[in-house]
Amino acid sequence: MEIRRRGSAAVEDPAWPGSHSVLQQRLRSVSQESDELLMFAVPETDKATQEREKSPIHEAYAEGQSIGAKVIGLHDDLESWGYRNFPVITDHFNFLVYGIDLAVRSIRWFQFGFAACWLGFRLCLYAAMLLPAFVRIMLTYYHDPRIHRRIRYGPAEREYLDIYVPKEALEKGAKVPVVVAIMGGAFIIGHRGYNAQLGLRLMEFGVMTVGVDYRNFPRGCIPDMVEDVGRGVRWVFQNIERYGGDTSNVMLMGQSAGAHLAAMLLLEHGLLEAKHTAEGKEFTDNWSVKDLQAFLGISGPYHLEKLGPHLSSRGLYPGIMTHMTAGDLQGCSPEALLQNKEWQAVGSDAAALLPPLHLFHGDRDKAVPVWSSEQFATALKEAGANVILDVRKGMTHTYPVVEGPMRRHDPQVELVLPMLLGAGAEKRISDQAPLPPMAPLRILDVAGLISPF
């Protein structure tokens with residue numbers, strides 16, 4: 001098995017074969033990776049560490065190491081020690097270092113006109129208004145023993161995941177439903193911890209959540225991110241039963257950038273499966289898109305090329321997406337993939353493999369216009385997929401994941417539970433004792449108005 005550690009910057013390469021071709025090759029490679037990746041699921045005991053050091057992955061990772069690689073290895077070991085002993089300090093120190101690194105690397109890709117600065121000011125004010133609630137969530141995230149944090153699922157940078165384990169999963173022989181959640185963050189500032197509100201709430205209903213992290217730009221481009229998500233989903237099907245999860249009742253969901261990446265994975269993986277079937281070959285992976293109960297995409301940007309003019313109208317620099325996609329916006333757009341010649345050749349077979357698709361969007365979304373989901377839903381229907389378009393009046397980009405859950409109205413939970421639990425899910429939600437809002441409702445209302453999203 002080849003272990004790749006890619007460079008930190010995403011640049012356009014004239015010899016770049018196209019993101020679609022690259023993704024097909026990488027997902028095929030991920031599907032053939034050795035089950036030695038299971039080593040990353042073992043807790044960091046001394047015995048587990050010794051076994052991992054003997055594994056082919058560790059040997060491939062260490063073979064022919066340069067001084068720079070050894071420094072990276074030392075950094076990883078030190079970071080792991082910090083997370084085991086001082087998780088809050090280590091996480092925030094890493095966030096600070098990442099923020100400085102991001103500013104230095106990407107300042108040339110941002111423009112600082114009045115409109116952009118005004119959006120930045122509103123974002124800071126929005127965060128300040130909701131800071132007490134964010135602190136409560138953060139403290140729970142770091143101290144709730146039900147959350148298994150920072151589990152490695154692969155060798156690349158940021159290939160970590162969190163598992164929110166409900167008490168029902170601890171019973172002998174338990175198998176609980178599983179949500180694989182991919183967070184947003186504009187492809188730049190995503191973190192698996194953003195799934196905390198969703199994961200904590202779903203545990204109350206006996207549902208397990210796996211929050212999958214991925215490389216952010218400029219440490220990686222979008223094909224890197226999709227590869228990470230693909231490896232994370234594969235890890236779930238390999239390992240989640242050991243935590244009490246049910247591999248026959250798994251759904252995939254994403255919000256914003258996470259919805260885009262999850263949709264890319266779903267379509268590319270489905271296409272790969274259909275191509276192998278058409279060629280009379282067996283596709284050897286431990287999961288198939290048809291194994292998923294459903295896909296839920298929330299406020300996703302499904303066509304990056306079409307999004308450019310909207311970003312420009314808001315005073316943002318659309319060219320940054322060219323860098324994120326290595327110059328191939330079409331190849332990194334799920335909607336555009338449906339028009340690809342390879343998809344057209346086996347499209348009906350690929351669409352038949354897809355699980356039921358649910359696209360959710362607020363009509364007051366200022367970050368990603370509602371037409372993104374509307375046009376993607378139309379393209380999916382024309383391709384033969386089973387898709388539901390769900391447009392909610394009055395909802396912004398952040399309401400389903402921030403203000404809504406804080407005021408104890410969680411559209412994500414209302415959508416997820418019927419998909420996994422079936423009939424009776426709505427009654428279980430209504431029977432739950434009402435919880436007090438995490439912040440005064442007036443503060444939440446004003447924050448929603450101030451939000452630049």
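The first residue of the sequence shown is numbered 1, and numbering continues consecutively from there.
The ring of Phe187 has its center closer than 6.0 angstrom to the ring center of His260. A ring-centre distance under 6.0 Å is not found for His361 and Trp371. Taking the ring centroids of Tyr243 and His148, they lie under the 6.0 Å cut-off.
Here CE of Met183 is found 10.0 Å from CD1 of Ile189. Values are rounded to the nearest 0.5 Å. Between Leu337 atom CG and Leu271 atom CG the span is 6.0 Å, to the nearest 0.5 Å. Rounded to the nearest 0.5 Å, atoms CG (Leu421) and CD (Glu426) are 9.5 Å apart. Going from atom CG of Leu292 over to atom CE of Met251 covers 9.0 Å, rounded to the nearest 0.5 Å. A distance of 11.5 Å separates CG of Leu389 from CG of Leu357, quoted to the nearest 0.5 Å. Remark: His20 NE2 to Gln330 CD distance equals 12.5 Å, nearest 0.5 Å.
Minimum interatomic distance between Ala186 and Ala257 (heavy atoms only, all atoms of both residues): N-CB, 4.0 Å. Closest approach of Gly206 and Pro177 over heavy atoms only: O-CD, 3.7 Å. Considering all non-hydrogen atoms of both residues, Ala156 and Glu159 come closest at N-OE1, 3.1 Å. In this structure, Gly384 and Ala351 approach most closely via the heavy-atom pair C-CB, 3.9 Å. A pairwise comparison of heavy atoms in Val212 and Leu161 identifies CA-CB, 4.2 Å as the closest pair. Contact between Asp224 and Arg215 at its shortest, heavy atoms only, is O-NH2, 3.5 Å.
Listed for the Thr325 side chain is no donor-acceptor partner under 3.5 Å among the backbone atoms of Cys332. Counting only distance, with no hydrogens or angles, the side chain of Arg152 and the backbone of Tyr160 share no donor-acceptor pair below 3.5 Å. Side chain of Asp162 to main chain of Arg150: a donor-acceptor pair is present (N/O by atom type, distance under 3.5 Å, no hydrogens or angles). The backbone N or O of Tyr214 lies less than 3.5 Å from a partner atom in the side chain of Arg158, making a donor-acceptor pair. A donor-acceptor pair under 3.5 Å is formed between the side chain of Arg122 and the backbone N or O of Ile450. Judged by distance alone, with hydrogens and angles left aside, the side-chain atoms of Asp291 form a donor-acceptor pair with the main-chain N or O of Ser288 at under 3.5 Å. Proximity of a side-chain donor or acceptor of Arg407 to a complementary backbone N or O of His409 within less than 3.5 Å is not detected. At distances below 3.5 Å, at least one donor-acceptor pair connects side-chain atoms of Asp328 with backbone N or O atoms of Gly331. Judged purely by atom type and a 3.5 angstrom limit, Asp431 has no side-chain atom pairing as donor or acceptor with the backbone of Arg428. Of the possible polar contacts, one joining the Gln24 side chain to the Glu268 backbone as a donor-acceptor pair under 3.5 Å is found.
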Exercise. Step by step, would you call Phe134 with Met406 a side chain to side chain contact (heavy atoms under 4.5 Å, CB included)?
Worked result: CA-CA 9 Å; Phe134 286 140; Met406 284 183 178; 3.4 Å; yes
For this session: With side chain to side chain contact (heavy atoms under 4.5 Å, CB included) as the test, would you mind laying out the steps for Val391 and Phe360 before giving the verdict?
Result: CA-CA 6 Å; Val391 177; Phe360 178 100; over 6 Å; no
Exercise. What do the steps show when you test Leu417 against Val207 for side chain to side chain contact (heavy atoms under 4.5 Å, CB included), and what is the final call?
Worked result: CA-CA 8 Å; Leu417 292 184; Val207 175; 3.8 Å; yes
Problem set entry | Audit row: Phe217, Ile320, side chain to side chain contact (heavy atoms under 4.5 Å, CB included) steps and yes/no | CA-CA 10 Å; Phe217 180 79; Ile320 192 172; 4.0 Å; yes
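In this structure, Arg149 forms a cation-pi arrangement with Tyr141, its terminal cationic atom sitting closer than 6.0 Å to the ring centre and no more than 45° off the ring axis.
Between the side chains of His397 and Ser256, at least one donor-acceptor pair of N or O atoms lies under 3.5 Å.
Between Val401 and Asp410 there is no side-chain heavy-atom pair separated by less than 4.5 Å. Contact annotation: the side chain of Val387 approaches that of Leu359 to within less than 4.5 Å [non-hydrogen atoms, C-beta and beyond]. Inter-residue side-chain proximity for Asn216 and Ile188 is flagged as unmet; no heavy-atom pair is nearer than 4.5 Å. Residues Glu403 and Tyr126 form a side-chain contact, since some pair of their non-hydrogen atoms from C-beta on lies under 4.5 Å apart. Residues Leu435 and Glu204 meet the side-chain proximity criterion, which asks for heavy atoms closer than 4.5 Å. Using a 4.5 Å cut-off on side-chain heavy atoms (C-beta onward), Arg231 and Tyr153 make contact. Looking at heavy atoms from C-beta onward, Met253 lies in side-chain contact with Gln412 at the 4.5 angstrom threshold. A heavy-atom distance below 4.5 Å is found between the side chains of Leu380 and Leu338.
Ring-plane geometry between Tyr194 and His191 is classed as tilted, the angle between the planes lying from 30 to 60 degrees on a 0 to 90 degree scale.
Residue-environment remark: NZ (Lys306) exceeds the threshold of 12 foreign heavy atoms within 6.0 Å.
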